[in-house]
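Reading through the structure tokens given below for one structure.
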Protein chains: 2
Amino acid sequence: MPAKRPPVPLSRERIIEAALHIADGQGLRRLTMRRLGDALQVEAMAIYHHLPRGKEALMDALAEHVTTVTVDPSGSATWQELARAWARAGRAALLEHPGVLALALTKPPQGTALIAVREQGEQLAASGLGDSTQAVRSLRAYVMGSVAVEIQRSGWAGPAGDGEEPGAPPLPGSRTESEQEAVAAFERGLEALLRGLAET
Amino acid sequence: MPAKRPPVPLSRERIIEAALHIADGQGLRRLTMRRLGDALQVEAMAIYHHLPRGKEALMDALAEHVTTVTVDPSGSATWQELARAWARAGRAALLEHPGVLALALTKPPQGTALIAVREQGEQLAASGLGDSTQAVRSLRAYVMGSVAVEIQRSGWAGPAGDGEEPGAPPLPGSRTESEQEAVAAFERGLEALLRGLAET
DNA sequence: ACCTGAACACCGTTCAAGT
DNA sequence: ACCTGAACACCGTTCAAGT
């Protein structure tokens with residue numbers, strides 16, 4: 001018979017990982033302290049030892065996780081290339097965890113996520129972009145909104161928008177789009193915005 | 001002494017109105033069937049008679065409400081003016097009810113909201129815009145993302161992003177912005193996007 | 001047709017207690 | 001230091017019952 005599991009100690013990282021798995025798989029509304037405890041083979045109350053502010057702290061941590069990105073500026077010769085890199089990285093991070101998108105779009109950046117936003121501004125300014133504050137804001141808005149549209153179209157939240165259950169068939173009116181169509185739409189809008197930002 | 005209230009009959013509209021009030025005032029997480037019943041002077045279970053799918057139906061209705069906008073195309077000579085009108089109307093509608101923004105950005109358009117999106121596409125196509133499908137998508141993304149950024153910066157969800165309690169002081173790092181600054185930022189990004197969309 | 005009351009299976013969080 | 005058990009004040013939803 002298998003020996004009793006040497007209990008892997010709980011940790012912030014393991015908790016967040018399990019929480020993302022539940023949120024992406026069953027929806028945010030089914031992410032429950034008790035269910036999370038089950039997934040971690042632990043009583044729900046044990047979580048409070050690692051996240052003292054409880055579910056509030058968990059939500060903050062999830063938002064921070066999917067919203068923290070880094071870009072190596074040395075790979076980009078122009079501010080346009082740099083902006084593209086940030087936009088693509090941001091989109092990819094958000095798209096990886098559709099279950100917590102609502103948190104990511106709603107909570108102000110915090111901790112590492114806030115640092116990342118500032119870094120983006122500094123890099124763009126250093127790369128020769130004039131009003132980098134305005135540009136960062138428009139770019140962030142476009143990226144967040146694009147992922148929102150994309151998740152909506154994917155039918156992740158159900159075709160009737162049934163709140164939180166993923167996996168249902170897609171939109172009633174319009175077909176599901178392929179990954180390629182989605183990136184194409186994203187890139188075209190991004191290029192339009194970059195062109196517009198370039199003209200003072 | 002005041003006579004007993006002649007009970008105003010419950011209705012879908014009154015329910016939605018009360019729900020928006022609670023969500024905007026206390027946050028989505030505190031919007032509860034029981035609290036909603038209290039606000040309407042009725043037992044929570046009475047709501048199910050008007051919204052058979054319960055809380056799920058309520059959430060759908062709220063998303064649809066803040067996401068349904070109309071624009072009179074006769075007021076716009078060019079497709080640019082028309083696009084501006086749609087963008088401003090969309091922003092205003094979302095901004096009016098920060099409490100349900102998470103729903104609006106997450107649920108696919110449905111009912112009147114879906115009709116509105118289609119109408120936007122038809123109007124823009126009719127006004128001489130080439131790839132109106134792409135334009136509508138980019139514009140919607142920009143509008144939704146802009147409002148997300150704006151609500152984040154307003155500190156509506158609390159500075160530490162404390163989940164759902166509004167009314168707390170704003171961001172730790174950056175100042176709160178005035179309404180004028182917010183519209184200025186929105187308009188500048190919008191113009192950039194429109195310029196970019198114009199060049200093929 | 002419209003609303004209520006009681007009931008059920010869940011929630012988040014506390015607190016004292018165990019190891 | 002880390003986790004558990006029991007308890008409390010809530011949830012959403014059902015169902016039979018009232019008017």
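Letters A, B, ... are given to chains in the order of the sequence lines, protein chains preceding strands, and every chain is numbered from 1.
- Classified by interplanar angle (parallel below 30°, tilted 30° to 60°, perpendicular above 60°), the ring pair A:H65/A:H97 is perpendicular.
- Close to D:dC10, at under 4.0 Å from its OP1 or OP2, lies no side-chain N or O of B:T32.
- Contact record, B:A83 with B:L124: N-CD2, 4.0 Å, taken as the closest heavy-atom pair.
- The interatomic distance linking B:R34 (CZ) with D:dA9 (C1') rounds to 11 Å, in whole Å.
- Comment: B:R137 engages A:E177 in a salt bridge, judged by a side-chain N to carboxylate O separation of less than 4.0 angstrom.
- At the phosphate of D:dA1, neither OP1 nor OP2 sits under 4.0 Å from any side-chain N or O atom of A:H50.
- Distance CZ (B:R53) to C1' (D:dG12): 14 Å, rounded to an integer number of Å.
- Of the candidate nucleotides C:dG5, C:dA7, C:dC3, C:dG5 has the atom lying nearest to any side-chain atom of B:E43.
- For the residue pair A:Q134 / A:S138, a side-chain donor-acceptor distance below 3.5 Å is found, with atom types taken as modelled.
- For the pair A:K107 and A:E64, the salt-bridge criterion is not met [side-chain N within less than 4.0 Å of a carboxylate O].
- When all heavy atoms of A:R195 and B:G196 are compared, the closest pair comes out as NH2-O, 2.8 Å.
- The CG-P distance, from B:L31 to D:dC10, rounds to 17 Å in whole Å.
- Between B:R91 and B:E179 there is a salt bridge, since at least one side-chain N of the basic residue sits less than 4.0 Å from a carboxylate O of the acidic one.
- Rounded to an integer number of Å, the gap from CE of A:M33 to P of C:dC10 is 18 Å.
- Residue B:K55 contributes atom NZ, which lies 15 Å from atom P of D:dC10 at whole-angstrom precision.
- Residue A:R35 has a polar side-chain atom (N or O) positioned under 4.0 Å from OP1 or OP2 of C:dC11.
- Set against C:dG5, C:dT14, C:dA7, the side chain of A:M45 has C:dT14 as its closest nucleotide.
- As rounded to whole Å, 9 Å separates atom P of C:dG12 from atom CZ of B:R29.
- Between the CZ atom of B:R14 and the P atom of C:dC2 there is a distance of 14 Å, given to the nearest Å.
- The side chain of A:H49 lies closest to D:dA1, out of C:dT13, D:dC11, D:dA1.
- The interatomic distance linking A:I47 (CD1) with D:dC2 (P) rounds to 15 Å, in whole Å.
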*Intra- and inter-strand pairs of DNA chain D in dot-bracket (Watson-Crick or G-U wobble, both distances under 3.5 Å; | for another strand)*: ||.|||||...|||||.||

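- The side chain of B:V42 has C:dT4 as its nearest neighbour among D:dT4, C:dT4, C:dT13.
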